[in-house]
Protein chains: 2
Amino acid sequence: MAVNNPISGLNKIFDNRIRLGVMSILTVNEEVSFNDLKQMLEVTDGNLATHLQTLEESKLIKVHKGFIGRKTNTTYAITKTGSKSFNEHIEALEKMIKGFK
Amino acid sequence: MAVNNPISGLNKIFDNRIRLGVMSILTVNEEVSFNDLKQMLEVTDGNLATHLQTLEESKLIKVHKGFIGRKTNTTYAITKTGSKSFNEHIEALEKMIKGFK
DNA sequence: ACTACAACTTTGAATTACAAAGTGCTTTTT
DNA sequence: AAAAAGCACTTTGTAATTCAAAGTTGTAGT
């Protein structure tokens with residue numbers, strides 16, 4: 001591995017802007033509903049659902065299917081692994097940015 | 001546009017890690033040869049060439065075909081537009097990051 | 001009963017990314 | 001001088017990714 005490679009620490013799963021957005025939202029907010037994510041990120045529900053699935057399969061986020069009264073309410077939260085992976089990615093980004101600041 | 005959308009300021013051209021890497025390298029180093037970029041980023045030459053072409057077509061970088069003695073030497077540099085676009089992207093990223101710091 | 005919303009899954013198409021091989025020119029090696 | 005190798009590509013083909021649209025199931029409201 002080249003020593004100077006500025007992108008070697010980046011996590012491929014976060015190359016996608018929607019997945020990046022989800023992670024950044026879930027880092028600030030403990031639990032966020034599907035619908036809120038959809039509105040914040042301005043994506044179609046199908047598109048969002050597949051990205052959430054990808055993140056869940058990689059154990060970066062977890063799903064909680066709950067209720068508000070009798071109505072189903074699905075919320076998403078970041079996992080420990082997710083926090084760790086995302087922080088590493090951000091650190092790699094910051095390192096890259098600092099390289100030229 | 002949603003007010004809270006953390007990814008709306010990101011530039012799609014920089015979603016790709018190789019193009020991101022090129023820009024970050026060219027922000028620190030005024031002129032970098034094709035071969036140096038290739039080694040730093042650890043990519044195949046064909047792959048690098050297409051990404052450089054994309055960046056050039058968008059006027060984010062410029063190519064200089066020169067010589068070292070009699071040997072051809074191609075170098076790449078960032079353009080004014082490129083600097084501006086890249087800085088905006090980085091600022092959007094930082095804003096996103098600061099959102100949860 | 002009908003409409004609407006929520007949270008999906010499935011399908012299909014378009015775009016993107018990438019490796020591998022080929023090209024033309026030059027330089028170095030034998 | 002011939003062969004091998006390097007540089008900076010281009011072309012080709014495939015694999016992966018991304019995304020919108022439509023379909024699905026279940027609940028809620030009117």
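Below, chain A is the first sequence line, B the second, and so on; all start at residue 1.
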Identify all pairs in which a protein N or O lies below 3.5 Å from an N or O of nucleotides 24-28 of chain C, and state each distance.
| unit_1 | atom_1 | unit_2 | atom_2 | d |
| --- | --- | --- | --- | --- |
| C:dT27 | OP1 | B:R70 | O | 2.8 |
| C:dT27 | OP1 | B:K71 | N | 3.4 |

Exercise. In whole Å, what is the span from the CG atom of A:L52 to the P atom of C:dC8?
Worked result: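 It is 8 Å, rounded to the nearest whole Å.
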Exercise. Once you round it to whole Å, what is the distance between P of C:dC5 and CG of A:D45?
Worked result: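 Nearest whole value for this atom pair: 12 Å.
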Exercise. What ring pair (Phe, Tyr, Trp, His ring centres under 6.0 Å) pairs are there with at least one residue in residues 11-33 of chain B, not counting sequence neighbours?
Worked result: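 Pairs touching residues 11-33 of chain B that pass the test: B:F14-B:F86, B:F14-B:H89.
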What's the spacing between [X] [atom1] and [Y] [atom2] if we round to 0.5 Å?
X: B:S33; Y: B:M40; atom1: OG; atom2: CE; answer: 8.0 Å
X: B:L41; Y: A:S8; atom1: CG; atom2: OG; answer: 9.5 Å
X: A:T50; Y: A:R19; atom1: OG1; atom2: CZ; answer: 8.5 Å

Problem set entry | Distance below 4.0 Å between A:Q53 side-chain N/O and C:dC8 OP1 or OP2 |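 Answer no for this pair, as no side-chain N or O of A:Q53 is under 4.0 Å from OP1 or OP2.
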Can you sort out the partners of [X] under side chain to side chain donor-acceptor pair (under 3.5 Å), two or more places apart, ordered by chain and number?
X: A:D15; value: B:R17
X: B:N47; value: B:H51
X: B:E91; value: none
X: A:K71; value: none

Each nucleotide N or O in nucleotides 15-19 of chain C that has a protein N or O under 3.5 Å away: list the pair and distance.
| unit_1 | atom_1 | unit_2 | atom_2 | d |
| --- | --- | --- | --- | --- |
| C:dA17 | OP1 | B:N16 | ND2 | 3.2 |
| C:dA17 | OP2 | B:R19 | NH1 | 3.0 |
| C:dC18 | OP2 | B:H51 | NE2 | 3.2 |
| C:dC18 | O5' | B:N47 | ND2 | 3.3 |
| C:dA19 | OP2 | B:T44 | OG1 | 2.8 |

Considering every strand and a 4.0 Å limit on heavy-atom distances, what is the contact class for [X]: base, sugar-phosphate, or nothing?
X: A:K65; value: sugar-phosphate
X: A:Y76; value: sugar-phosphate
X: B:N35; value: sugar-phosphate

Exercise. According to the side-chain hydrogen bond (donor to acceptor under 3.5 Å, both in side chains) rule, which pairs have a member within residues 72-82 of chain B, sequence neighbours left out?
Worked result: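 Applying side-chain hydrogen bond (donor to acceptor under 3.5 Å, both in side chains) to every pair that reaches into residues 72-82 of chain B, excluding sequence neighbours, yields B:E31-B:T75.
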Problem set entry | Range on DNA chain D touched by chain A - first to last nucleotide, heavy-atom distance under 4.0 Å |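 Boundary nucleotides touching chain A, in 5' to 3' order, are D:dT18 to D:dA28.
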Exercise. Side-chain contact, heavy-atom cut-off 4.5 Å: B:L52 with B:L37?
Worked result: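 When only atoms from C-beta onward are counted, B:L37 and B:L52 do touch, with a gap below 4.5 Å.
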Ignoring hydrogens and angles, write down the donor-acceptor pairs under 3.5 Å from the side chains of residues 55-63 of chain B, residues two or more places apart or on other chains.
| unit_1 | atom_1 | unit_2 | atom_2 | d |
| --- | --- | --- | --- | --- |
| B:E57 | OE2 | B:Q53 | NE2 | 3.4 |
| B:S58 | OG | B:T54 | O | 3.1 |

